[in-house]
> 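My questions all concern the structure below.
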Amino acid sequence: MQSISRHQQILRIALPAIVTNITVPLLGLVDTAIVGHMGAAAYIGAIAVGSMIFSLVYWLFGFLRMGTSGLTAQAYGRQDSAACRVQLWRSVRLSLLVAVGVLVLQWPIRELMLWFIGPTADVRPLAATYFNIVVWGAPAVLGLYALTGWFIGMQNTHIPMMVSILQNMVNIVASLVLVYGLDMKVEGVALGTVIAQYAGLAVAWLKVDGGRWKVDLSLVEGGKWSGLPPSTIKTFRNIFLRTLCLVAVNLYFTSAGARQGSTILAVNTLLMQLYLLFSYIMDGFAYAGEALGGRYWGAQDMSAYRDVVRKLFCWGAGMTLLFTLVYVVGGMPFLQLLTDEPSVVEASRDYVWWAYLIPAAGVAAFIWDGIFIGTTQTRGMLLSSFLAACVFFVGTFLLTNQIGNHGLWLSMIAYLATRGLVQTWLSFRADS
């Protein structure tokens with residue numbers, strides 16, 4: 001009965017999180033679909049560039065969600081409701097401070113990112129216009145990061161799922177009205193995105209004590225929540241530095257593919273969609289690791305904690321087997337659904353088998369990431385990501401000139417596997 005109960009706990013958190021992960025890319029997809037009917041390719045390029053900028057910028061501040069979920073889950077496990085509340089306030093306040101920083105520095109951020117991406121002359125002004133509007137959604141996006149992390153720590157992924165679905169609905173309606181009703185073009189798409197972001201923040205806010213956000217005044221007066229304690233700063237810092245490692249690897253992977261020509265760049269982009277599909281599913285189980293792992297770690301119930309880890313790896317093994325079989329059988333047909341360009345399809349046949357290795361190479365990293373976040377073992381996450389990034393860059397340096405794109409993919413697979421192996425070693429060493 002205990003085994004069934006634990007699996008149910010995992011699925012209760014994982015399934016809504018998976019739905020959320022699948023719906024998140026729809027915000028950008030809706031924008032692309034709308035501008036795709038405006039009659040000029042430059043509009044599509046502008047949305048693609050603008051979305052990429054915000055993905056990169058906001059990705060760096062993922063510590064606001066991850067750090068909050070782990071710290072809150074441990075407080076929840078200790079049944080310390082005051083600490084849960086204090087963590088919410090600390091995280092929300094920090095998210096707003098970061099958002100103010102983004103708004104103040106929006107001009108250098110915009111110019112630096114546009115220089116880095118290098119859009120064509122017809123796309124650049126449209127992308128800048130999109131950025132200038134969407135950047136004002138930073139308080140909503142980052143505030144929602146903090147709230148989402150807090151809800152996960154409180155063992156609730158249903159509210160983030162509901163918020164994500166609502167955002168997509170609002171985005172569709174607002175963008176259609178602004179673009180086709182008021183003829184606002186890119187400005188309408190951007191404004192629709194911002195409206196959806198603040199709608200999501202408002203709903204999430206209302207789900208915290210009906211929007212009252214009560215805080216124990218004795219904690220406020222005592223100054224216990226006024227600043228971030230060293231342990232919290234260290235947690236957020238480690239996650240931020242770990243994210244930098246991930247961003248560096250992903251950016252270099254894209255640029256190294258681009259240097260091999262447009263066909264290889266297209267092939268790698270398509271194959272990465274298979275990686276994203278697997279990540280959407282496994283991130284749901286990682287969220288379960290954050291919530292349940294942090295909960296039992298905070299309660300110092302090591303028997304339940306270890307049981308959660310075992311059950312999560314059971315689910316990971318099942319998902320790995322399932323996705324590997326699906327990719328082997330349906331990988332090429334899926335890629336052919338995404339493109340009918342003959343040269344890209346033909347080139348994909350030489351590299352698609354690398355995608356077959358993604359589930360086995362990456363599963364441990366996904367699961368351990370969730371567990372390490374929940375238990376705030378963020379130094380271990382940083383160490384594993386740094387070592388894995390070193391493996392990746394050394395591999396690309398040694399192999400890309402020798403075997404081309406195969407060397408790039410071998411380095412990526414080694415990078416994923418190294419993250420999981422190092423975290424497994426760190427976990428067993430801490431357990432012994």
Side-chain angles (χ1 to χ4, degrees), residues 17-33 35-36 44-45 47-56 58-59 62 117 164 168 246-247 249-286 316 319-363 365-366 369 392 405-406 408-417 419:
I18 290 170
V19 173
T20 302
N21 291 338
I22 293 172
T23 58
V24 165
L26 291 179
L27 276 170
L29 220 69
V30 168
D31 290 349
T32 302
V35 299
I44 300 175
I47 298 300
V49 170
S51 298
M52 183 186 299
I53 290 174
F54 286 109
S55 293
L56 289 173
Y58 290 146
W59 193 9
I117 297 171
S164 182
N168 280 285
L246 269 60
V247 169
V249 168
N250 281 274
L251 285 179
Y252 188 83
F253 180 86
T254 301
S255 64
R259 287 197 296 271
Q260 298 180 66
S262 58
T263 298
I264 293 298
L265 175 61
V267 168
N268 288 352
T269 301
L270 293 177
L271 291 179
M272 285 303 288
Q273 303 310 304
L274 297 176
Y275 171 80
L276 290 175
L277 286 174
F278 183 66
S279 73
Y280 291 153
I281 303 300
M282 291 313 303
D283 270 346
F285 291 99
M319 292 298 104
T320 297
L321 179 61
L322 174 63
F323 272 84
T324 301
L325 291 174
V326 168
Y327 287 172
V328 170
V329 174
M332 277 307 303
F334 176 75
L335 296 180
Q336 288 170 324
L337 284 176
L338 298 179
T339 182
D340 57 1
E341 174 60 41
S343 62
V344 175
V345 172
E346 191 59 33
S348 296
R349 299 184 190 279
D350 293 333
Y351 301 102
V352 68
W353 59 273
W354 286 109
Y356 305 162
L357 303 178
I358 288 173
V363 62
F366 280 109
D369 276 354
F392 172 80
N405 200 45
H406 288 294
L408 185 61
W409 271 102
L410 176 58
S411 301
M412 174 59 76
I413 295 298
Y415 158 77
L416 293 172
R419 280 173 55 194

> Could you go through Phe366 and Leu416, starting from their C-alpha distance and side-chain angles, then the distance that decides it, and tell me whether this counts as side chain to side chain contact (heavy atoms under 4.5 Å, CB included)?
CA-CA 9 Å; Phe366 280 109; Leu416 293 172; 5.8 Å; no
> Could you check whether the rings of Phe323 and Phe278 sit parallel, tilted or perpendicular, using 30° and 60° as the cut-offs?
perpendicular
> Restricting to non-hydrogen atoms, name the atom on Thr23 and the atom on Ser164 that form the minimum distance, rounded to 0.1 Å.
OG1-OG, 2.6 Å
> Taking atom CG of Leu274 and atom OH of Tyr356, what is their separation to the nearest 0.5 Å?
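Rounded to the nearest 0.5 Å, the CG-OH separation comes to 9.0 Å.
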> Would you call the rings of Phe253 and Phe392 parallel, tilted or perpendicular, taking 30° and 60° as the class edges?
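If you compare the ring of Phe253 with that of Phe392, the planes turn out tilted.
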> Output all residues satisfying side-chain contact (heavy atoms from CB on, under 4.5 Å) with Ala360, sequence neighbours left out; order by chain, then residue number.
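Checked Ala360 against side-chain contact (heavy atoms from CB on, under 4.5 Å); matches are Thr320.
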> Output the distance between atom OH (Tyr280) and atom OG1 (Thr20), rounded to the nearest 0.5 Å.
12.5 Å
> Rounded to the nearest 0.5 Å, what's the gap from CG on Asp350 to NE2 on His406? Could you check?
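If we round to the nearest 0.5 Å, Asp350:CG and His406:NE2 are 5.5 Å apart.
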> Only counting residues at least two apart or in another chain, list the ones meeting side-chain contact (heavy atoms from CB on, under 4.5 Å) with Leu410.
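Leu410 satisfies side-chain contact (heavy atoms from CB on, under 4.5 Å) with Trp354, Leu399 once adjacent residues are dropped.
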> Please identify each residue that fulfils side-chain contact (heavy atoms from CB on, under 4.5 Å) with Thr254, with sequence neighbours left out.
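With neighbours one apart ignored, the set is Leu265.
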> Rounded to the nearest 0.5 Å, how far does CG of Leu270 lie from CE of Met332?
9.5 Å
> What residues form a side-chain hydrogen bond (donor to acceptor under 3.5 Å, both in side chains) with Tyr58, not counting sequence neighbours?
none
> So which heavy atom on Leu56 is nearest to which on Leu251, and how close?
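Of all heavy-atom pairs spanning Leu56 and Leu251, the closest is CD2-CD2, 4.0 Å.
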> If you measure from CD1 on Ile18 to CE on Met282, what distance do you get to the nearest 0.5 Å?
8.5 Å
> Where do Val267 and Ala347 come nearest, in terms of heavy atoms and distance?
CG2-CB, 3.7 Å
> Judged by atom type as modelled, is there a donor-acceptor pair below 3.5 Å linking the side chain of Asn405 to the main-chain atoms of Tyr351?
no
> What do the steps show when you test Val249 against Met412 for side chain to side chain contact (heavy atoms under 4.5 Å, CB included), and what is the final call?
CA-CA 8 Å; Val249 168; Met412 174 59 76; 4.0 Å; yes
> Quick one: ring pair (Phe, Tyr, Trp, His ring centres under 6.0 Å) partners of Phe285, sequence neighbours excluded?
Trp315
> Indicate the atoms forming the closest heavy-atom contact of Ala17 with Gly284, along with that distance.
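For Ala17 versus Gly284, the nearest heavy atoms are CB-CA, 3.8 Å.
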> With Val326, which residues qualify under side-chain contact (heavy atoms from CB on, under 4.5 Å), at least two apart?
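With sequence neighbours excluded, Val326 shows a side-chain contact (heavy atoms from CB on, under 4.5 Å) to Leu322, given in chain and number order.
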> For Asp283 versus Asn21, what's the shortest heavy-atom pair and its separation?
CB-ND2, 3.2 Å
> Compare every heavy atom of Arg419 with every heavy atom of Ala365, then report the nearest pair and how far apart it is.
CB-CB, 3.9 Å
> For residues Met319 and Pro359, determine if any side-chain heavy atom of one lies less than 4.5 Å from a side-chain heavy atom of the other.
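Counting from C-beta outward, Met319 and Pro359 never come under 4.5 Å.
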> Calculate, to the nearest 0.5 Å, the distance between atoms CD1 and CG belonging to Ile22 and Leu277 respectively.
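CG of Leu277 is found 8.5 Å from CD1 of Ile22.
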> What about the rings of Trp353 and Tyr327, do their centers lie closer together than 6.0 Å?
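They do not qualify: ring centres at least 6.0 Å apart.
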